[in-house]
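It should be emphasised that the depicted structure is a prediction, and the values quoted were computed from it without experimental measurement. Reckoned from all heavy atoms, side chains included, excluding hydrogens, waters and symmetry mates. All chains are named by letter (A, B, ...) in the order of the sequence lines, taking the proteins before the strands, and each is independently numbered beginning at 1.
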There are 2 protein chains.
Amino acid sequence: MLSQRQDAILREVVRIFTDTGQPVGSKTLMNELPFHVSSATIRNEMAMLEEVGYLEKTHLSSGRIPSAMGYRYYLDHLVQPTSVPQDIAQRIDEDFGKTYHQIGDIIEQSAKILSHLTSYTAITLGPESSSIRLTGFRIVPLNAHQLMAIIVTSDNNVENNIYTVDDDFDTSLIEKIVNIVNDKLVGQPLNKVLQMLHSDVPAILSEYMYSTDGLLDMMDSLFKKAESEKYYVDGQLNLLNYANGDDMSEVQSLFSIINQSNDLRKLLDPSILDDGIKVRLGSELGSDALKNYSIITANYDVGHHGKGVIALLGPTTMHYSQLIGLLGEFRVELAKRLIDYYSRYDDS
Amino acid sequence: MLSQRQDAILREVVRIFTDTGQPVGSKTLMNELPFHVSSATIRNEMAMLEEVGYLEKTHLSSGRIPSAMGYRYYLDHLVQPTSVPQDIAQRIDEDFGKTYHQIGDIIEQSAKILSHLTSYTAITLGPESSSIRLTGFRIVPLNAHQLMAIIVTSDNNVENNIYTVDDDFDTSLIEKIVNIVNDKLVGQPLNKVLQMLHSDVPAILSEYMYSTDGLLDMMDSLFKKAESEKYYVDGQLNLLNYANGDDMSEVQSLFSIINQSNDLRKLLDPSILDDGIKVRLGSELGSDALKNYSIITANYDVGHHGKGVIALLGPTTMHYSQLIGLLGEFRVELAKRLIDYYSRYDDS
DNA sequence: TTTAGCACTATTCATACCTGAGTGCTAACA
DNA sequence: TGTTAGCACTCAGGTATGAATAGTGCTAAA
C-alpha cells in the first residue's frame, strides 16, 4: 500500500506526463504538488515508487514516467472522473437531435459524437440480447430477374439481400418459399434458423425447385448478416495523430484490428465486461500492435433489449479522468435514447 | 525534342529510380544502359536533360532523379506497357469467378482484385449512363411501425430506406403513395424525379396526409442515394507503405480525399477522361496532399450502359509500364464481365 | 563528339565535446 | 526518524569536426 503522499505524487506524475508527454522530474513535481516538500524528498519517494514498479525512467538520469503497473494502480485507486461540462453535454444533446429510423443509426451516431468530442477513435456496438428471433420475412420482386429478400428480427433490425435469377421467376413459387420460411423459421431464434436452413429446409425446398443452392446461399448470407455483430467505428484517422511515424506496420495492424469485427469482438465482447466503465491497457491486451494504446469501455443497459458497448481507443497517455467522466454520462444518455426509441416503436 | 540517346537515358533513370528509390549517377547508368558510352558522356547528356527540366538533383553533387516534367515526358513518349503474365491473368479470372447479384458487387470486386494485385490503392466507379431513369418503386410494410421503401433504377441499381412511423400506418394510404409515385415519377430521369419531389409531389401528397415532411425527407435521401456515384476503394492501407512517416497530416488528408466522394469525383470524373489509360501526376492535380502521388485512370465502356472508371493511386514512383499494361487488359476484362451480366439479366 | 582526369561539393557516418535536466547519495538538520 | 541542502555523476541532445564516399562540372586531349 502506498502512503497518501506517494499517491499524490503518482497521480501528479500521471497528470503531468499525459499533459506534456515528457518524463517528470523532481523539481517540476515540487512546483506542482499541492503541498510543499523539497525536491530531494520527492526524489526519495520516487525512488520508492520505482522500486515497487509504478514508475520508471527512460534512461538512467531522466525524469520518471508511469509504468504499466503504475497506470493500473492509478486507474484502480487514484483517478478522479471529472463531470461533463455544461456546453459539452449540450452539444451531445444537439448532435443526437434528429429522428432515427433504425437503432443502428443511433449507435452509429454515438460513435461519431464520441470520436469528435474526444479526438480518439470510438467504437460502438448495438444492444445485444441473448436470443434474437426472426420475426419477419418478405420477398419483393423488383423486376423480371431480380428479387429482394428482407428479414426482420426481434431486435428491430432489418436486413436485405438482392437475388438475381437467370430465367423469369414463378410468382407462385415465391409465395411457396415465403410460406415455408414463415412456417418453419419465423419465430425461431436466429442460431436455430441458421441451423435449420442447412438441415430441414433444403429437403423441403427441393420438392418445389430444381436447384436450391443459389437460394440457400443467399438466405444463409442474409441470416448471417442479421446475426453478426455490427461494430461502428468512427475517427479511425485520429489514430494517426498518436502513431509514431517510423513504424507504419504498427499503424497498419492497428487499422486492420479495428476494421475486423472478429478482432473487435475479442476486445469488446460485452459478456466479459463488468458493468460500468473499465480501462484496459495495451500491455494487458496481449496484442503487440496495441501495446502503446489503451481502451476505455463502458457498457450501457437497455433492459430486456440487452446490453451494448461503447469504447474509446487511444494512446496509453489518454486523459482518463475526463474520458471516464464523459463515458459515464454518455452511457446513460445513450441508454435513455434507445429506451425512448424502443418505447415508441417497439411492438414485440 | 530529345535525341534517341537522351530518351534512353531518361527512360533508364526512371526505371532505376523506381526500382531503387535512389538518385541515379553517371557510373550506374553506364553499366545499365544498352549501349556503351563513358560516364563523362552520360554526365554531359544528363546536364542537358537537367537544363531542359527533365532531370533534377537532390543536392549539388548528387545523382539525378526525374522531375515532374521528366515523368510527364516519360509517360507521354517513353513508357512501354508490358503485357500481363499468364499467371496474373489467370488469377484475375479466378478472383472474379462467382455469381454476382448486383453490378456494384462486380465493381467492388474489381477494386479488391486491383489493389491486391498491385499493392496500391484501387478506386473503381460503376458505369454511368447519362440519363438514369426511375424504373420501380415499392413500399413494403415490415411491422406495425416500420416500412421499407425500395427504388429500382434503369441501370439495375436498387436502393432502400427504412421509415419508421409513430402511429400505426394506413395501408390504403401507402397504396395511394405508391400509386402517386408510379404515376408521376416512375419512368422519369432521376434528376427530374428529385426536382419534382420538391415541386409537384408535396402538393399532391398533402391532399392525403397531414404531415408530409418526414416522408419527403426519406424519399429525397433515397433518390439521392440512387443518384450519387458510388466509388469503391480498396487497399487504402497500402498508402501507408509509401507515406513518409514524419508528416502524418499529409497521410490524413490523403485518407480523407479517398473517402469523400466529392473529392473523388473531381479526380475521376469519367467525362474529363479521354478514352483509354491516362496517368496524372500529383503535381498536375493541384492538391497539396497528392503532390507525391500519382493516379493511373482507365475507363471502360459497356455500350449504352455507359462508361466507368478504374484507377490506381500510388506514389509518383510507381511501376508505370507494368501497371499500364495491367489496367489495359483489366478494363477490357471488366467490360466483358459487365456486358455479360447485363446480357443475362437486363430487361430494359 | 567522346573521353580521361582532376578539382570540387554534399551527404553520411563516426567521434568528440558541451550543456542542461535530472538523479542518487551523503551529511547535516529539526 | 523524516526532511533538506549540496554535490558528484549520468545521459540525451545539440553542435562541431573530420574522413570516406559518391557524385558532379570542366578542361584538355584523342
Side-chain angles (χ1 to χ4, degrees), chain A residues 1-10 12-67 70 244-246, chain B residues 1-10 12-67 70 244-246:
Chain A
M1 207 55 201
L2 300 185
S3 72
Q4 280 208 344
R5 193 166 68 186
Q6 288 168 327
D7 275 358
I9 289 175
L10 180 52
E12 202 61 19
V13 169
V14 169
R15 191 186 69 76
I16 299 175
F17 181 60
T18 45
D19 277 358
T20 66
Q22 298 299 320
V24 185
S26 54
K27 270 193 194 152
T28 320
L29 271 177
M30 182 174 66
N31 296 322
E32 296 290 330
L33 280 174
F35 48 85
H36 181 77
V37 282
S38 77
S39 63
T41 307
I42 296 174
R43 282 202 289 283
N44 287 333
E45 295 284 36
M46 289 208 289
M48 302 215 146
L49 285 169
E50 183 171 1
E51 211 165 332
V52 273
Y54 291 161
L55 291 181
E56 52 191 35
K57 291 186 274 198
T58 58
H59 59 268
L60 199 61
S61 72
S62 76
R64 305 302 210 295
I65 63 174
S67 67
N244 100 333
D246 42 48
Chain B
M1 207 55 203
L2 300 186
S3 70
Q4 280 207 344
R5 194 165 68 186
Q6 287 168 329
D7 276 357
I9 288 175
L10 179 52
E12 201 60 19
V13 169
V14 170
R15 191 187 68 76
I16 298 176
F17 181 60
T18 44
D19 277 358
T20 67
Q22 297 300 319
V24 185
S26 53
K27 270 196 197 150
T28 320
L29 271 177
M30 183 174 66
N31 298 322
E32 296 289 330
L33 281 173
F35 48 85
H36 181 78
V37 283
S38 76
S39 63
T41 307
I42 295 173
R43 281 203 289 283
N44 287 333
E45 295 283 37
M46 289 208 290
M48 302 214 148
L49 286 169
E50 183 172 3
E51 211 164 330
V52 276
Y54 291 160
L55 290 181
E56 51 191 34
K57 290 186 275 197
T58 58
H59 60 267
L60 199 62
S61 71
S62 76
R64 304 301 209 296
I65 62 174
S67 68
N244 99 333
D246 44 48

Taking N or O atoms only and anything under 3.5 Å, show me the protein contacts with nucleotides 11-20 of chain D, one pair per line.
unit_1: D/dC11; atom_1: O4'; unit_2: A/Ser61; atom_2: OG; d: 3.3

Does A/Glu56 have any side-chain hydrogen bond (donor to acceptor under 3.5 Å, both in side chains) partners at least two apart in sequence or in another chain, and if so, which? none
Quick one: list whatever passes salt bridge (charged side-chain N to carboxylate O under 4.0 Å, His left out) with B/Asp7, sequence neighbours left out. none
Within residues 21-31 of chain B: residues closer than 4.0 Å to DNA chain D (heavy atoms): B/Gly25, B/Ser26
Answer yes or no: does atom NZ of A/Lys27 have more than 12 heavy-atom neighbours from other residues, nucleotides or ligands under 6.0 Å? no
Contacts of A/Glu45 that satisfy side-chain hydrogen bond (donor to acceptor under 3.5 Å, both in side chains) - sequence neighbours left out: A/Arg5, A/Gln6
What pairs of residues pass the side chain to side chain donor-acceptor pair (under 3.5 Å) test when at least one of them lies in residues 34-43 of chain A, not counting sequence neighbours? A/Ser26-A/Arg43, A/Ser38-A/Thr41, A/Ser39-A/Arg43
Can you check the B/Ile42 CD1 to D/dA22 P distance for me, whole Å? 17 Å
What residues form a side-chain hydrogen bond (donor to acceptor under 3.5 Å, both in side chains) with A/Ser62, not counting sequence neighbours? A/Thr58
Let me have the donor-acceptor pairs involving side chains of residues 48-55 of chain B, under 3.5 Å, with sequence neighbours excluded, atom names and distances please.
unit_1: B/Glu50; atom_1: OE1; unit_2: B/Arg64; atom_2: NE; d: 2.9
unit_1: B/Glu50; atom_1: OE1; unit_2: B/Arg64; atom_2: NH2; d: 2.8

Heavy-atom nearest nucleotide on DNA chain C for B/His36 versus A/Ser62: which residue maps closer to 5'? B/His36
Heavy atoms only: give me the nearest A/Ile65-A/Phe17 pair and the separation to one decimal. CG2-CE1, 3.5 Å
Show the nearest heavy-atom pair for residues B/Val24 and B/Val13, with the distance to one decimal. CG2-O, 3.9 Å
By the 4.0 Å heavy-atom rule, please label B/Thr41 as base, sugar-phosphate, or nothing. base
Any residue meeting side-chain hydrogen bond (donor to acceptor under 3.5 Å, both in side chains) with A/Asn44, in chain and number order, not counting sequence neighbours: none
Just by distance, do the side chain of B/Thr18 and the backbone of B/Val14 share a donor-acceptor pair under 3.5 Å? yes
Measure from CZ on B/Arg43 to P on D/dA22 and round the result to the nearest Å. 15 Å
Rounded to whole angstrom units, what separation is found between the CG atom of A/Asn44 and the P atom of D/dG2? 11 Å
Where does the chain B footprint on DNA chain C start and end, counting 5' to 3' with a 4.0 Å heavy-atom cut-off? C/dT2 to C/dT11
So, is A/Arg5 close to the D/dT3 phosphate, meaning a side-chain N or O under 4.0 Å from OP1 or OP2? yes
